[in-house]
Amino acid sequence: MRVLVFVGAMLGVVVLTVGAAILVGLNTPRGEGWVWLSSVAVGGYLLPPVLLASLASFWDTTASADAQRGYRRALVVTVGMQVLATVVMCVFTVLTGAPWWVTVVFTAVGIAAMAAAVAVVPSLQRLERARPTGASGHQYGRAEFRRDLRKILVTMAVTLVAVAALIAALTLAFDNDLADVFWVSPLFALMAGAIACLTASSRVNRQIRDLVGGDLGRANRIGKVVVRGKDLPLSGEDAELVPAFASLSWVAQTYAALSSVLLVGSLLAMQVLTFADDPSDSWRIWYIALVGALIVAVIPLTVVQIRRTRTYASGDRKASQ
């Protein structure tokens, strides 16, 4: 349920961002080349509150002093992102001569999104706590891997067939080019696979949460040692959790990384195909270059962290430092 709510919220963010870009474009005649800047600002207003609500609903942010500090830092970062979004929107207004009320309206939307994120956290917490504890405990073995892999592949296959059939029916009904079936349906299948991987990662993260008693601060403390390789002192009780934490964490990291690769890859492929149809849209080149650079920068770091975490899981702590 939490993943479905999160995905629904993310889809809402995308829809509102696109709608905002259209609204701004209609009211800003000179802003055609800068619409992307307003989209960045709208994303800055909406995305951080969604992530904050997801964090606060999943973890116990009051379990310890470290957990409370972690939540306060997340809250400060969220507000900071919204302030930065306001600055970006002001820059957009100055550059394009957009009406003054654009910034006011979107700032109000950002404040409302923040208030809504805080308001829905108790309800999301109740939904999350109502879930039954998994029978696998703190282990992730071959049976769990086969189950998750089967679900991911089935989800992608069903989505591929369903979207292809839907597009083919619409294409034949409206006498359009049937070639769209061959590139649109695989992209939707990749997106569905990303959501399935996110679901698997969330299930393993729930085991990690149960392992540390839901304490966000405790999870961050152990994670800094296991995932980031920090040389921090751990209590005897926390040190005993390191092998189990690492054995679950590297699996969750792998699914999360695979989810990001599938999602970003599908979106990037969509931009490339769109640019191939309309090479005059130059901003897509910058988008593709930026996303490509981020992928090149992030993937090696992710691989290093997963290898380090897996080394801890194997019990060879010295080799991971």
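Keep in mind that this is a model prediction, so the values were computed, not measured.
A side-chain contact (heavy atoms from CB on, under 4.5 Å) with Tyr45 holds for exactly one of Val88, Thr86, Leu84, Ile111; it is Thr86.
Between Leu263 atom CG and Leu268 atom CG the span is 11.0 Å, to the nearest 0.5 Å. Between the OG1 atom of Thr93 and the CE atom of Met89 there is a distance of 6.5 Å, given to the nearest 0.5 Å. Here the CG atom belonging to Asp60 is positioned 9.0 Å from the CG atom belonging to Leu216, to the nearest 0.5 angstrom. A distance of 5.5 Å separates OG in Ser202 from CZ in Phe58, rounded to the nearest 0.5 Å. Rounding to the nearest 0.5 Å gives a distance of 13.0 Å between CZ of Arg203 and CD1 of Ile208. With rounding to the nearest 0.5 Å, the separation of CZ in Phe245 from CG in Leu211 is 7.5 Å.
The cluster map of Ile, Leu, Val, Met, Phe, Trp and Tyr, joined by side-chain heavy atoms under 4.5 Å apart, puts Leu262 and Ile306 in the same cluster. Transitive grouping of hydrophobic side chains (ILVMFWY, heavy atoms separated by less than 4.5 Å) keeps Met81 and Met114 in distinct clusters. Val121 and Val77 fall into different hydrophobic clusters, where Ile, Leu, Val, Met, Phe, Trp and Tyr residues are linked whenever their side-chain heavy atoms come under 4.5 Å apart, directly or through other members. Note: the hydrophobic cluster containing Val79 also contains Tyr71 (ILVMFWY, side chain heavy atoms under 4.5 Å, direct or indirect links). Hydrophobic clustering, with ILVMFWY side chains joined whenever heavy atoms are under 4.5 angstrom apart, groups Leu153 together with Phe145.
Counting heavy atoms from C-beta on, the side chains of Trp250 and Val227 never come closer than 4.5 Å. Taking 4.5 Å as the limit, some side-chain heavy atom of Val204 sits within range of a side-chain heavy atom of Tyr140. Put simply, the side chain of Thr199 does not reach to within 4.5 Å of the side chain of Asp148, judged on heavy atoms. For the pair Gln68 and Arg73, the minimum side-chain heavy-atom distance is 4.5 Å or more. For the pair Met156 and Leu160, the minimum side-chain heavy-atom distance is 4.5 Å or more. Residues Asp238 and Val242 are not in side-chain contact: their nearest non-hydrogen atoms beyond the backbone lie 4.5 Å or more apart. Between Tyr312 and Val225 the shortest side-chain heavy-atom distance falls below 4.5 Å.
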Please test Val212 against Trp59 for side-chain contact (heavy atoms from CB on, under 4.5 Å), starting from the C-alpha separation and ending with a verdict. CA-CA 10 Å; Val212 298; Trp59 294 97; 3.7 Å; yes
Start with the C-alpha distance between Leu267 and Met191, add both sets of side-chain angles, then the distance that settles side-chain contact (heavy atoms from CB on, under 4.5 Å), and finish with yes or no. CA-CA 9 Å; Leu267 296 176; Met191 293 179 190; 3.8 Å; yes
Should Tyr255 and Ile152 be marked as a side-chain contact (heavy atoms from CB on, under 4.5 Å) after you check the CA-CA gap, both sets of side-chain angles, and the distance that decides it? CA-CA 10 Å; Tyr255 280 128; Ile152 293 169; 3.9 Å; yes
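Of all heavy-atom pairs spanning Ser266 and Leu190, the tightest one is CB-CB, 3.9 Å. Residues Ala53 and Ala117 come closest through the heavy atom pair CB-O, 3.8 Å. Nearest approach of Ala67 to Ala63, heavy atoms of both residues: CB-N, 4.2 Å. In plain terms, the two heavy atoms of Gly217 and Asp215 that are nearest each other are N-OD1, 2.9 Å. Closest approach of Pro243 and Ala239 over heavy atoms only: CD-O, 3.8 Å. Here the shortest heavy-atom pairing between Ala113 and Pro49 reads O-CB, 3.7 Å.
With sequence neighbours excluded, no residue forms a side chain to side chain donor-acceptor pair (under 3.5 Å) with Ser259.
A salt bridge does not link Asp66 with Arg218: every distance from a Lys NZ or Arg NE/NH1/NH2 to an Asp or Glu carboxylate oxygen is 4.0 Å or more.
Counting heavy-atom neighbours within 6.0 Å of Phe188 CZ, excluding the residue itself, gives a total of 12 or less.
A donor-acceptor contact closer than 3.5 angstrom is absent between the side chains of Gln253 and Thr302.
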